[in-house]
Amino acid sequence: GRKCNQKIALGPWGRCMGSECGPGGSQSRAVWCAHSEGWTTLHTNCDQAERPENQQSCFHVCDWHKDLYDWQLGAWNQCVPVSMRSTGALQRPAVCTRGEEGIQTREVGCVQKADGVPAEDAAICEYFEPKPRLEQACLIPCPRDCVVSQFTPWTSCSKTCGMGLQNRVRFVLAPPLFGGSACPNLTEFQTCQPGPCVGPESLYSLRVGSWGPCSVPLPRTARQAPTLTHGKDVVGYQTREVTCVHRSGNTDALSLCSRESLPVTYQACVLAKDCEVSDWTDWSPCSKDCYELNGPTGERTRTRRVHQFPVGEGEECPELEEKEPCTPQGEGVPPCIVYNWKTTEWTECRVDMLLSQQDRRRGNLTGLCGGGVQNHEVYCVQATSADPASTSRPVDGDLCLSPPPNTTQLCHIPCPVECDVSSWGAWGPCTFENCLDTAAKKGFKLRKRRIVNEPTGGTGSCPHLVEAIPCDEPSCYDWLLVKLDECIPDNERECGPGTQIPQVQCVNSDGEYVDRQLCRDAILPMPVICEVPCPKDCVLSPWTTWSLCSHTCSGKNTEGRQMRARSVLAYSAGEGGVQCPNSSALQEVRSCNDHPCTVYHWQTGPWGQCIEDTSVPSANSTGARAGVGGGDSSCSVGMQTRKVICVRVNVGQVPPKKCPESIRPETVRPCLLPCKRDCFVTPYSDWSACPAICGNTKRKQNRKRIIIQLPANGGQDCPEVLAQERDCEVPSVCLGYRWKTHKWRRCQLVPWSVRQDSPGAVETCGPGLQARAVSCRKQDGGQADMGACLKFASSMPSLTQPCQLPCQDDCQLTTWSKFSSCTQDCVGVKTRKRMLVGKSKKQDQCKNNQVYPLSEIQYCPCNKYNAQPVGNWSDCILPEGGRVEGQLGMKVQGDIKECGQGYRYQAMVCYDQDNRLVETSRCNSHGYIEEACIIPCPSDCKLSEWSNWSRCSKSCGSGVKVRSKWLREKPYNGGRPCPKLDHVNQVYEVVPCLSDCGQYVWVAEPWSVWKVSNVDLKENCGEGGQTRKVRYGRSNTIDGPSDPVEDYLCDPEDMPLGARDRQLPCPEDCVLSDWGAWSRCSLVRTDADYLAVSFFTSRFLCRFVFHTDWSTCQLSERAVCGSGMKTRMLDCVRSDGKSVDLKFCEEWQMNASCVVECPINCQLSDWSPWSECTQICGLVGKLWRRRTVLQLPQGDGRPCPPQREQWKPCPVRPCYHWRYSSWSECKSEGARCGEGLRFRNMSCFVSDGSGQGEGSLVDDELCGNLEPSVDGDKQITLEEPCTSPCPGDCYLTDWTVWSPCQLSCVSGDDLGFGSVQVRSRAVLAQEPENLLQCPEQEWEARPCTEGQCYEYKWMTGAWRSSSRLVWCQRSDGLNVTGGCPLTAQPLADRSCDPACNKPRSFCTEAGVCGCDEGYTEVMTSDGLLDQCTVIPVLEIPTAGDNRADVKTIRAVSPTQPSNSLPGRAGRTWFLQPFGPDGKLKTWVYGVAAGAFVLLVFIVSMTFLAW
């Protein structure tokens, strides 16, 4: 019992393992015993006999099995509804809208790729790829019922007397799909009886059968006409059967069909011969004879020849040519020619000015610099060739497969930098002109300035850098006093007289430290006597520094002086102390700038042209393309000279000895001569191909060459002729093929043995067929293979035609000649003629002009033509030649005239008097109306000129100055846009400025002697004061203050004090000197917008303020755009916040690079050539031309014009085409019914190409150049067999035309099941007795493309009594049967049962009887109408007349119009208990409840009364 709760559990199979690939593997799995509750128990608790195997053999998969096995996918099965697969019954919707969800399945198996045999295990395929899905969702569309049209009108009665039938038919518009209802009957019949027949009714009809097969005539001994087409017979004969049929369809004896003569039962025919072709030729060589990796493949062909053309109903010829792609094989296959793009050299960089730079002052400025654009021409050449000329010869650009390089690029012209020099330095000491030669006693004092910016690209010269003054006692080296040591008292005392040892350094005339030995001849500065004050001595301050020199030079009336001073810091105590000196000893004056006021310098002229140095061998080359793609290279060294003269300042040229010879500039320097560059042009391209047009039309072919390098530096000039043109050679033999027809052979009759039994037959005359041979010729008449004509020529002429061998009494005439030509319209006639031939000329019956006219006359047409414009005006097109050509034919891309006067065109159309389109030449028109038009020129943004610079924002220190432009005119018509403007339409330029705080200075005299106010005569100390004079300001120069200026030019705040008070130290007090000069502030660099570095120098605070306002981007003088510099400055600010001269701080100007965007104009390509006309003929053809953008605009460059393509109309040409006429009725020659023929004609029509209407009929001659085809079908069919039904036959109509393509849609959305079209044929019957013999109606459907969605909905007409029309309508307005859902069909009949015959009653839409308005229904117990009674009326006199609600027909039909009762005044209320929905109103329940309560009350009172 314990084992009942145990069961064996199995694990999954493990991976197949094995030492070899294939079936020899093994896999294992776990097997254990488990309790029913899920936990594992002992193996013995389970039945060991039922234990499954834990190992099995398997297929060990290896990687190479992937090439042997794969999944095989079966086709998807039919879509099965989900409801049929579900276990629970799902209710299917009653009304189908989009369709029903379904599932479709397929079979998937793992098979061997080689033979499709199933694999040993599906796991083999799963090892490499997951198993494909076996199921997928699908949609079962809603059933689509068959949709048919409405019936046609009834046909006429099939009989003119007696009992007949009328038919009406309809045709299928949409086939039944997805299980929809089948198509209904397409035919309805009804009997008709026009009237009784007079006499016996005809019961029999003569019927002809179809022609039998064409048979070969029996051989005859007589000589026959030679056979045609490769010696084989083509003419045979065929027969047909003639029978007499009863109206019931039975065949009876011919004698019952009374006819004077029976139809012909024989005729000549064309023997059917199938097309016979030869075997395929060998494959032609591959059209590609070279090897190209990843390139296009070639093509090879093979052909077969026609041995026998198809004749009659023979089988058509198969394809005569086959093509297949190919690649050349073999080791000797050369590589294909590769074509690459090449470019000419870039044109010079062109720079356009910014809008903000366009003013009159810069209008004639040349040599603009900065960013611009340059172009070059791109052409295609052969990449590799043994012939060097081939690698540079231009070829067709289509051969270069890679994208062409850009034809334009941005460039930059470096801006010239003018020479910038520093200020003059101080005058140096008197020194020898040449320290190596001191024999001459002549000396000079020099002052120098240095070059701050080296000049580039400009004039290339700087002003003189050295000025000299003659002097006496020159020396080359001297001692420089660096500093004096501290005063050391003599005899090692603490105070008293002493000396200061000078610290000196030997310097040369430039102030540079040199070896001390060089100053051995110079006077060494002596120690300076000094004094260290003792406690009771007078204390003097140190000497101040020497003041600036009063004059820059010395002359007769001027002498330079400079002064220094010292002051008393403390007076002596008077008791043994050293007394203070008098006031004159507190100042010292010495001479300065004692050199004369005569300054000399060397002046240089500009460097001359670089000329060849004859002393150096020349290596100048003229042939190298050194400059192509790079800068000019130098080929030799030349020589330049310049003029150097000695100039005295403010005087002029003086003798050279006045200037120091040692600093004389060079007059000769070497230079580099640029290479000569010859003009380089490509070889001429090959001549362009001549068009393959035959005739005398003159055509041109041309070739060109391209300039790839312009000449420079005296190189060879470019040739004047870059393009050549010549006439094409007219080909003596025009390529092409044509059919040649040979002479018609003799007319061949049906064999006499066949027709001898026919009444009236004559052996040597009658109808027959004649044949001819057809061959293929070249245009020059040479023989060609038939396949060439089949491929390139028009359709093959017929090989046979009917003929007539005249009998003895027949009249024979020639064919009609062509009509004579009309010399003038509307005047005269045109004629055509024919003649009698042979014996017919003598037969009287042939001379009857009524029967056999020999001439015909027609009036010449009276054509009147009317020209009128058609279509829209074209774009305004500028005349050709608007492009500017650069020098020597190098194209300057993009310089296209885009505005001005052009022309626009409108097509002209010409109609004749019948409103038929004719050639425009008939209206003496060239096909266009031409009208001048204007393309408005673009107007650029216009700004004013720059205003004057504002004053510097600061009078001392760093500031900014501003100038501005304002908007004068906005751009329009695509002009250059404005630069960025502010809110008042202005653009600003801001630059930093620096006001020199030390330009004007105050001059103060030394301080006076102290005057003690609080005097202690013994001590001579205490409170005291000093005074000094402050005089007018002087202009400050490098040599010191110069001429006096007005006081207002000096800053009043900087005016030195004229008096000062302070404490005079007493003996024994500490004595301090005055404060020293301010030291420089240390500068700390930081990225902050505000920088302040503070520290104490002596006792004052200094700081920097970092101004963050950048200037606008500053360019060089001629620069238009590109890289520039913007600046901002540091201001030196005193501790009290006042700006001071920058010399008090470390100068540091902040610079940053910036870019002004270059104005790059839009660059467009040339207009392409005009395209071919979009239409071959008609009114709407257009010619197009296009252009592309080569360079997009940048900055404020000119934007691209919006018009990238232009059109103009094509000349209007009539559209001629062949059209069929309608088929004639089927005619059975000589019989009433049976097999016959029907015919149609092919006529020439003209139309305007719009596709609306069939066009107008014109003479066939106008279609003479067209290949015979109708709607693209070249197989012309003008007759076809048909069947004419016999009386009593029941037959099928012809097939209808194919219906329009229709999609399966829901609410306009395509369900994706494709589109379909259908055609049908209905049954027609003539005898009521034969209806059972009628065939079944037929319809057939086929898939099609580009269908449209149709919707179907029910339509209803107005009610007429108790019925109305209900029909189904398609969304295009066509009334149909089918398509509309039957569940939603509106009610068409509302008749009542029993009939509504009570007075004032009628039948409602609900199918019950109701009463007229104003009456209410009284019903019987079984719910039928008993009578209609008048509703009680409560009249309330008012101005209007309305009705209350009563139960009338209005309750059932609220839309029924109401009729007002005349003659009632005021408002009438009808107490109507029922509402419009037919239910009782609320007040009725209230009244009923009230009546019930009243009744209960009355009963209760009565009961109580009892």
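These numbers were taken from a predicted model, which means no experiment stands behind them.
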**Asked** Would you say the side chains of Ser1165 and Thr1188 form a donor-acceptor pair under 3.5 Å?
**Response** yes

**Prompt:** Looking only at heavy atoms, what is the nearest atom pair of Pro1201 and Arg1204, with distance?
**Reply:** O-NE, 3.3 Å

**Prompt:** If you measure from CD on Glu1205 to CH2 on Trp1167, what distance do you get to the nearest 0.5 Å?
**Reply:** 8.0 Å

**Prompt:** Is a salt bridge present between Asp1166 and Arg1187, judged by a nitrogen-to-oxygen distance below 4.0 Å?
**Reply:** no

**Asked** Do Pro971 and Pro938 come within less than 4.5 Å of each other through their side chains, counting heavy atoms only?
**Response** no

**Request:** Examine Lys342 relative to Tyr379 and say whether NZ or CZ is less than 6.0 Å from the centre of the six-membered ring and inside a 45° cone about the ring axis.
**Result:** no

**Request:** In plain terms, say whether Lys704 and Glu725 are close enough for a salt bridge, that is, a side-chain N and a carboxylate O under 4.0 Å apart.
**Result:** no

**Non-hydrogen atoms of Gln716 and Pro711 that approach each other most closely** = O-CB, 3.2 Å

**Message:** So does Arg703 get a backbone contact from the side chain of Gln724, meaning a donor-acceptor N/O pair under 3.5 Å?
**Reply:** no

**Asked** With distance as the sole test, does Tyr928 use its side chain to make a donor-acceptor pair with the main-chain N or O of Pro1209 at under 3.5 Å?
**Response** yes

**Asked** When rounded to the nearest 0.5 angstrom, what distance separates CG in Leu399 from CG in Asn340?
**Response** 11.5 Å

**Taking every non-hydrogen atom, the tightest pair across Trp1170 and Gln1206** = CZ3-O, 3.7 Å

**Item:** side-chain contact (heavy atoms from CB on, under 4.5 Å) evaluation trace for Lys942 with Arg976
**Value:** CA-CA 9 Å; Lys942 292 183 176 58; Arg976 291 174 62 180; over 6 Å; no

**Heavy atoms from other residues, nucleotides or ligands near CD of Glu319 exceed 12 (cutoff 6.0 Å)** = no

**Message:** With rounding to the nearest 0.5 angstrom, report the CD to CG distance, Gln1163 to Asn375.
**Reply:** 5.5 Å

**Item:** Donor-acceptor contact below 3.5 Å, side chain Ser874 vs main chain Tyr905
**Value:** yes

**Prompt:** Quick one: side chain to side chain donor-acceptor pair (under 3.5 Å) partners of Glu299, sequence neighbours excluded?
**Reply:** none

**Message:** Donor-acceptor check, side chain of Thr281 to backbone of Thr303, threshold 3.5 angstrom: yes or no?
**Reply:** yes

**Request:** Starting at CD of Glu377, measure out to CD1 of Ile707 and round the result to the nearest 0.5 Å.
**Result:** 9.0 Å

**Request:** Start with the C-alpha gap between Ile706 and Leu722, add the side-chain angles, then the distance that decides, and say whether side-chain contact (heavy atoms from CB on, under 4.5 Å) holds.
**Result:** CA-CA 7 Å; Ile706 298 171; Leu722 296 174; over 6 Å; no

**Prompt:** Would Cys349 and Ile413 satisfy side-chain contact (heavy atoms from CB on, under 4.5 Å), going step by step from the backbone distance to the final call?
**Reply:** CA-CA 7 Å; Cys349 193; Ile413 298 178; 3.6 Å; yes

**Asked** About how many Å separate CD of Glu969 and SG of Cys978, when rounded to the nearest 0.5 Å?
**Response** 9.5 Å

**Prompt:** Going by heavy atoms in the side chains, are Asn713 and Pro674 under 4.5 Å from each other?
**Reply:** yes

**Request:** Looking only at non-hydrogen atoms, find the nearest pair between Leu878 and Arg1185 and report the distance.
**Result:** O-NH2, 4.4 Å

**Message:** Has Ser685 got a side-chain atom pairing as donor or acceptor with Val395's backbone, closer than 3.5 angstrom?
**Reply:** no

**Request:** Under the salt bridge (charged side-chain N to carboxylate O under 4.0 Å, His left out) rule, collect the residues that match up with Glu322, sequence neighbours excluded.
**Result:** Arg302

**Request:** Using modelled atom types only, decide if a donor and an acceptor are shared between the side chain of Asp875 and the backbone of Trp1207 within a distance under 3.5 Å.
**Result:** yes

**Request:** Would you check if Leu1164 and Cys1162 make a side-chain contact, meaning some heavy-atom pair closer than 4.5 Å?
**Result:** yes

**Asked** Should Arg393 and Thr682 count as side-chain neighbours, where that means a heavy-atom distance under 4.5 Å?
**Response** no

**Asked** Taking everything shown except Asn1265 itself, do over 12 heavy atoms lie less than 6.0 Å from its CG?
**Response** no

**Message:** Can you confirm whether the side chains of Glu931 and Gln906 place a donor and an acceptor under 3.5 Å from each other?
**Reply:** no

**Item:** Backbone N/O of Arg1186 and side chain of Ser1168: donor-acceptor pair under 3.5 Å
**Value:** yes

**Item:** Residue pair Gln382, Val338: steps toward the side-chain contact (heavy atoms from CB on, under 4.5 Å) verdict
**Value:** CA-CA 6 Å; Gln382 183 176 333; Val338 179; over 6 Å; no

**Item:** Residue pair Leu320 / Leu790, side-chain heavy-atom distance below 4.5 Å
**Value:** yes

**Euclidean distance, Glu348 CD relative to Arg350 CZ, rounded to 0.5 Å** = 10.5 Å

**Request:** Return the minimal non-hydrogen interatomic distance between Leu1303 and Gly1347, and the atom names on each side.
**Result:** CD1-O, 3.5 Å

**Prompt:** Side chains of Leu73 and Pro132: closer than 4.5 Å at any heavy-atom pair?
**Reply:** yes

**Prompt:** Considering residues at least two apart in sequence or located in another chain, which fulfil the side chain to side chain donor-acceptor pair (under 3.5 Å) criterion with Asp1248?
**Reply:** Ser1250

**Message:** Could you work out, with ring pair (Phe, Tyr, Trp, His ring centres under 6.0 Å) as the rule, every residue matching Phe792, not counting sequence neighbours?
**Reply:** Tyr737

**Message:** I'd like to know if the side chain of Asn973 reaches the main chain of Ser939, judged simply by a donor and an acceptor atom lying under 3.5 Å from each other, with no hydrogens or angles considered.
**Reply:** no

**Message:** Checking Tyr339 now: which residues fulfil ring pair (Phe, Tyr, Trp, His ring centres under 6.0 Å) with it, not counting sequence neighbours?
**Reply:** none

**Item:** Partner residues of Val378 under the side chain to side chain contact (heavy atoms under 4.5 Å, CB included) criterion, sequence neighbours left out
**Value:** Trp341, Thr343, His376, Pro404, Pro405, Thr407

**Prompt:** Is a side-chain donor or acceptor of Thr347 paired with a backbone partner of Gln374 at a separation under 3.5 angstrom?
**Reply:** no

**Asked** Considering residues at least two apart in sequence or located in another chain, which fulfil the side chain to side chain contact (heavy atoms under 4.5 Å, CB included) criterion with Arg726?
**Response** Trp687, Gln701

**Asked** Taking side chain as C-beta onward, heavy atoms only, is Pro394 less than 4.5 Å from Cys380?
**Response** no

**Request:** Measure the shortest side-chain to side-chain distance between Leu943 and Leu967 over non-hydrogen atoms and say whether it is less than 4.5 angstrom.
**Result:** yes

**Non-hydrogen atoms of Cys718 and Gln709 that approach each other most closely** = SG-O, 4.2 Å

**Message:** Suppose we screen for side chain to side chain contact (heavy atoms under 4.5 Å, CB included). Which residues come up paired with Cys933, at least two apart in sequence or across chains?
**Reply:** Cys876, Arg904

**Fill in**
Taken in chain and number order and not counting sequence neighbours, the residues that satisfy salt bridge (charged side-chain N to carboxylate O under 4.0 Å, His left out) with Arg705 are none

**Request:** For Ser284, check side chain to side chain contact (heavy atoms under 4.5 Å, CB included) against everything at least two apart and list the hits.
**Result:** Arg300, Thr301

**Asked** Residues in salt bridge (charged side-chain N to carboxylate O under 4.0 Å, His left out) with Lys1182, at least two apart?
**Response** none

**Request:** Applying salt bridge (charged side-chain N to carboxylate O under 4.0 Å, His left out), name anything that partners Glu720, two or more places apart in sequence or on another chain.
**Result:** none

